[in-house]
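Note that ligands are numbered from 1 as they come in the structure, with each ligand's atoms numbered from 1 the same way.
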Amino acid sequence: MKILGIESSCDECAASVVEDGRRILSNIVLSQVDFHKPWYGVVPEIASRKHIEWIRPVVQDALAEAGVSAKELDAIAVTFRPGLIGSLLVGLSFAKGLAWALGKPLVGVDHILAHLYAPHLEQEISYPYLGVLVSGGHTIIARVERSDSIEVLGTTIDDACGEAFDKVAKFYEIGFPGGVAIDKLARTGDSRAFQFPKPSLHKGDALYDVSYSGLKTAVIHQSAQFWDGKSEKSLPNIAASFQRAAIDILVDRALAAARDTGLRTIVAGGGVAANSYLRERMAAEKGLKVIFPSLKLCTDNAAMVAGIGYHAFMAGKLSSFSLNAEARVPMFKRAYP
Ligand code: KG4
Ligand code: ZN
């Protein structure tokens, strides 16, 4: 079965053809980074306009690289939530038009579940496991039962982890995307120079929740208060210390969830899963199997959409042409979606 995946939820315009949910025949990702860089963040209006320009050539490239004609496709899978509404609508409308014109089934895909599926494109992973999804919009620690069913154990009560990286990078004008820039700068810094605060909200039913707004405020507005008094107050030191705190907050809760649930496999996904310190820390954990997707499959891509779309297609979970884009999803601690 050959599925075309289309992804346009944020600032990556992507299309991919995947066979049988596993074999990537093509994976085209056009990044809009250069257009958003001057603002140190994604400008929604620019993002939608670029998607409109790029969506057709990106899909054409994906088909050409895969050596598959549109007629040979078995279905068209597309991200319909969550994300920037204008951006989502471009991919979704294009997918609907294509599916309609070709008489092919349409499969709406959830971006969060697609991120968690990404490492399945590269290796056999058995369910259930502990999923740790960290991106610019989401921070989720979940028990993953199947590709389409997760139980959210913990989430952020305010900012997403990647968002904190992006906001700190924006304030200090370190670069864009913030996570990539901080990861790079942190390599030359001392991560002990500042002892930034880590929240403790692990009470009641918030056992695996995290929070990033306090850390963000401390790094941006109160860094002097957390300085060790002897190291240099330099940008690399701030970046390294922030990164250590942000990742430690996450790893601490993920390990607690793994311990309490007895799940011995942790699968990470999302843009922040590309972080080198996170990878290093998790690799050092004894007695746990920790799986990270390759860097290209951490950040937004359409192979994960086509991959998970295959399983929905095989299960007969097709979408109607009235499927609409959704900016957000309710993120309570309960079965998701
Ligand atoms: O998954 P993604 O491409 O898009 C969303 O679904 O949000 O994730 C983008 C996020 C951004 O916040 C970006 O700063 C962060 O992932 N990111 C990183 C790294 N690479 C990307 N954060 C930390 N370290 C990295 N190496
Ligand atoms: Zn994403």
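Protein heavy atom closest to atom 21 (C) of ligand 1, with residue, atom name and distance, is G271 O, 3.4 Å. Regarding atom 14 (O) of ligand 1, its nearest protein heavy-atom neighbour is D166 OD1, 2.7 Å. In terms of protein heavy-atom proximity, atom 2 (P) of ligand 1 is closest to D300 OD1, 3.4 Å. Closest protein heavy atom to atom 24 (N) of ligand 1: N275 ND2, 3.0 Å. What sits closest to atom 26 (N) of ligand 1 on the protein, heavy atoms only, is D183 OD2, 2.9 Å. At the top of the distance list for atom 6 (O) of ligand 1, counting protein heavy atoms only, stands H111 NE2, 3.1 Å. Taking atom 9 (C) of ligand 1 as the reference point, the nearest protein heavy-atom neighbour is G136 N, 3.8 Å.
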task: Test S294 against E122 for side-chain hydrogen bond (donor to acceptor under 3.5 Å, both in side chains), laying out the working first.
output: CA-CA 8 Å; S294 60; E122 298 177 313; 2.5 Å; yes

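D74 and Y310 form no side-chain donor-acceptor contact under 3.5 Å, judged by distance and modelled atom types alone. At a cut-off of 3.5 Å, with distance as the only test, a side-chain donor of H115 or D300 sits close to an acceptor on the other residue.
Other residues, nucleotides and ligands contribute more than 12 heavy atoms inside 6.0 Å of the CD atom of Q60. For R279, the CZ atom counts as densely surrounded, since its 6.0 Å shell holds more than 12 non-hydrogen atoms of other residues, nucleotides or ligands. Other residues, nucleotides and ligands place more than 12 heavy atoms under 6.0 Å from the CZ atom of R22.
Counting only protein N, O or S atoms, 3 lie closer than 2.8 Å to the Zn ion (ligand 2).
Atoms of ligand 1 lying under 4.0 Å from at least one heavy atom of G137, given by number and element, are 7 (O). Near T299, meaning under 4.0 Å from any of its heavy atoms, are these atoms of ligand 1: 3 (O). Each of the following atoms of ligand 1 lies closer than 4.0 Å to a heavy atom of G162: 12 (O).
Note: L63 CG to L98 CG = 7.5 Å, rounded to the nearest 0.5 Å.
Not one N or O of F165 is nearer than 3.5 Å to an N or O of ligand 1, by distance alone. The shortest N/O to N/O separation between G270 and ligand 1 does not fall below 3.5 Å.
Under the 4.0 angstrom criterion for non-hydrogen atoms, H115 is in contact with ligand 1.
Nearest heavy atoms, S231 versus A193: CB-CB, 3.6 Å.
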Got a list of side-chain donor-acceptor pairs under 3.5 Å for residues 169-182, not counting sequence neighbours?
from, atom 1, to, atom 2, distance (Å)
Y172, OH, V219, O, 2.5

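The option with the heavy atom closest to atom 25 (C) of ligand 1, from among S31, P177, G179, is G179.
Ionic pairing of K167 and D159 is not present here: no N-O contact between side-chain nitrogen and carboxylate oxygen is shorter than 4.0 angstrom. The pair E72-K104 does not count as a salt bridge, with every side-chain nitrogen at least 4.0 angstrom from each carboxylate oxygen.
Using the six-membered ring where Trp is involved, Y117 and H120 have ring planes that are parallel, under 30° apart on the 30 and 60° scheme.
A donor-acceptor pair under 3.5 Å links the side-chain atoms of E7 to the main chain of S9, judged by distance alone.
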